[in-house]
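The next block holds one structure in the form of structure tokens; read it before the comments.
The residues of the chain are indexed from 1 along the displayed sequence.
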Amino acid sequence: MTDLHDSVSKNGRPSSPADTWGAAAWGAGNADRAPVPLPRRLVGRLVAIAVAIVLAGTGIGLASAFVLPAQYAARAEILYEVSAEKPSKFLRQDRGLTTQLVTLRSRQVLEPVAVGEHLRVEDLSELVSVSVLDDSEVIQVEARGNSRETALRRSKAVIDSYLLAAQRNSDSGAGEYLRDQLGAVQHELAAARAGQSTTAAALADREQQLLAEVDKFNAEQSAGPRLLTQPYQVDDQVSPRPWFTAVTGALAGLLVAAGVVAVVARRWTSR
């Protein structure tokens, strides 16, 4: 039944061998047919459309730089001299400087500034950035605002809050305790020497030990953070940058243009 059905044409007449061979030849020729090339006129139009889309994207990106609110920045540098007793440079940076970077962005430092700026701590944190400069012991603090004056004010406030927090954290009472102990020992030593006491030698050794601990404590305190560069304004706005938005718009336009050209070319060649 299948062979008989295949041998009958659509109009009810039996198909001849010539018809069968012709259909087979047409199918083979259709399968091997090359895609239809794009006419030159169409190629020219596609190029013009692509260029127009890229230019439009560039213009939109450039225009957005003048429409979006401008942001300005102010910067300051802090020198954090880590203790010389740290065994390696890696540990000095990892434990010392990294701790200071975290402290600068902590709530302890930013909350007083946020209250003065009438901002949430989370919002202020997005406007403050900190980094270590060129594998050094210098920390750069940058604060941003919608005007140069606002950025400078925020930068000063963050620096002041950080230095105050660093002073509070370092003042744990250890220095005062050592100085009190030293004073008491020196008083006992003077009395022992005046009375020719046998404990004078032991008290003298204790005095020298406390003096060494006080010197060590003072050295560690002096190795803390100190302001290296006063907050200063950055001349140019940091966001948005016209060249950046223009390049971004051009790239977006290029992607759109490539998609349009690909769709049109695919439809034409599949005709």
Side-chain angles (χ1 to χ4, degrees), residues 61-83 86 89-171 220-252:
L62 186 61
S64 65
F66 300 97
V67 175
L68 296 175
Q71 274 197 344
Y72 300 89
R75 297 170 183 163
E77 280 81 36
I78 297 173
L79 177 62
Y80 184 79
E81 296 177 334
V82 296
S83 175
K86 293 295 179 66
K89 181 178 181 181
F90 173 77
L91 289 179
R92 287 201 301 271
Q93 287 191 343
D94 186 58
R95 296 181 181 179
L97 293 176
T98 303
T99 301
Q100 301 310 309
L101 295 180
V102 174
T103 303
L104 274 162
R105 295 180 59 85
S106 66
R107 179 174 290 271
Q108 179 187 13
V109 172
L110 295 182
E111 188 170 18
V113 182
V115 172
E117 293 290 330
H118 305 287
L119 294 172
R120 298 188 308 164
V121 176
E122 294 76 10
D123 296 335
L124 179 62
S125 179
E126 296 179 357
L127 299 174
V128 176
S129 59
V130 294
S131 60
V132 178
L133 296 181
D134 299 331
D135 195 23
S136 66
E137 296 179 347
V138 177
I139 301 174
Q140 184 181 81
V141 181
E142 179 181 286
R144 296 177 294 278
N146 55 7
S147 67
R148 292 183 175 89
E149 292 74 17
T150 301
L152 184 62
R153 184 183 68 247
R154 288 176 181 170
S155 178
K156 289 180 179 179
V158 171
I159 293 296
D160 292 342
S161 180
Y162 163 72
L163 295 177
L164 181 59
Q167 182 180 1
R168 290 176 178 174
N169 293 339
S170 64
D171 188 12
E220 291 178 351
Q221 292 297 104
S222 63
R226 61 185 180 89
L227 186 60
L228 182 64
T229 305
Q230 292 287 341
Y232 61 93
Q233 297 176 352
V234 178
D235 294 334
D236 298 329
Q237 68 183 45
V238 294
S239 176
R241 298 178 179 178
W243 65 269
F244 180 79
T245 56
V247 171
T248 303
L251 292 177

Just so I know, are the side chains of [X] and [Y] near enough to count as touching, which here means a heavy-atom distance under 4.5 Å?
{"X": "Leu227", "Y": "Ile159", "value": "yes"}
{"X": "Leu101", "Y": "Val132", "value": "yes"}
{"X": "Ile139", "Y": "Leu133", "value": "no"}
{"X": "Gln71", "Y": "Asn146", "value": "no"}
{"X": "Ile78", "Y": "Val138", "value": "no"}

Give me the atom names and distance for the closest heavy-atom approach of [X] to [Y].
{"X": "Ser155", "Y": "Arg75", "answer": "OG-C, 4.1 Å"}
{"X": "Val113", "Y": "Ala157", "answer": "CG2-O, 3.5 Å"}
{"X": "Leu228", "Y": "Leu79", "answer": "CB-N, 4.0 Å"}

Tyr72/Glu149 under side-chain hydrogen bond (donor to acceptor under 3.5 Å, both in side chains): CA gap, chis, key distance, verdict: CA-CA 9 Å; Tyr72 300 89; Glu149 292 74 17; over 6 Å; no
Exam field: side chain Ser106 to backbone Thr103, donor-acceptor pair closer than 3.5 Å: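 It does hold such a pair.
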Contacts of type side chain to side chain contact (heavy atoms under 4.5 Å, CB included), residue Leu164, not counting sequence neighbours: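 Scan of Leu164 (side chain to side chain contact (heavy atoms under 4.5 Å, CB included), adjacent residues dropped) gives Gln167, Arg168.
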With sequence neighbours excluded, residues passing side chain to side chain contact (heavy atoms under 4.5 Å, CB included) with Ala73: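 Glu142, Arg144, Val234, Val238.
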Quick one: list whatever passes side chain to side chain donor-acceptor pair (under 3.5 Å) with [X], sequence neighbours left out.
{"X": "Gln140", "answer": "Glu77"}
{"X": "Ser147", "answer": "Thr150"}
{"X": "Ser125", "answer": "Arg105"}

For residues 116-124, dump all side-chain donor-acceptor pairs below 3.5 Å to protein atoms at least two apart in sequence or in another chain.
unit_1: Glu117; atom_1: OE1; unit_2: Arg153; atom_2: NH2; d: 2.9
unit_1: Glu117; atom_1: OE1; unit_2: Arg154; atom_2: NE; d: 3.1
unit_1: Glu117; atom_1: OE2; unit_2: Arg153; atom_2: NE; d: 2.9
unit_1: Glu117; atom_1: OE2; unit_2: Arg153; atom_2: NH2; d: 3.4
unit_1: Arg120; atom_1: NE; unit_2: Asp123; atom_2: OD2; d: 3.2
unit_1: Arg120; atom_1: NH2; unit_2: Asp123; atom_2: OD1; d: 3.2
unit_1: Glu122; atom_1: OE2; unit_2: Arg107; atom_2: NH2; d: 3.3

Rounded to the nearest 0.5 Å, how far does [atom2] of [Y] lie from [atom1] of [X]?
{"X": "Leu97", "Y": "Ser131", "atom1": "CG", "atom2": "OG", "value": "11.5 Å"}
{"X": "Glu137", "Y": "Tyr80", "atom1": "CD", "atom2": "OH", "value": "9.5 Å"}
{"X": "Gln108", "Y": "Ser161", "atom1": "CD", "atom2": "OG", "value": "7.5 Å"}

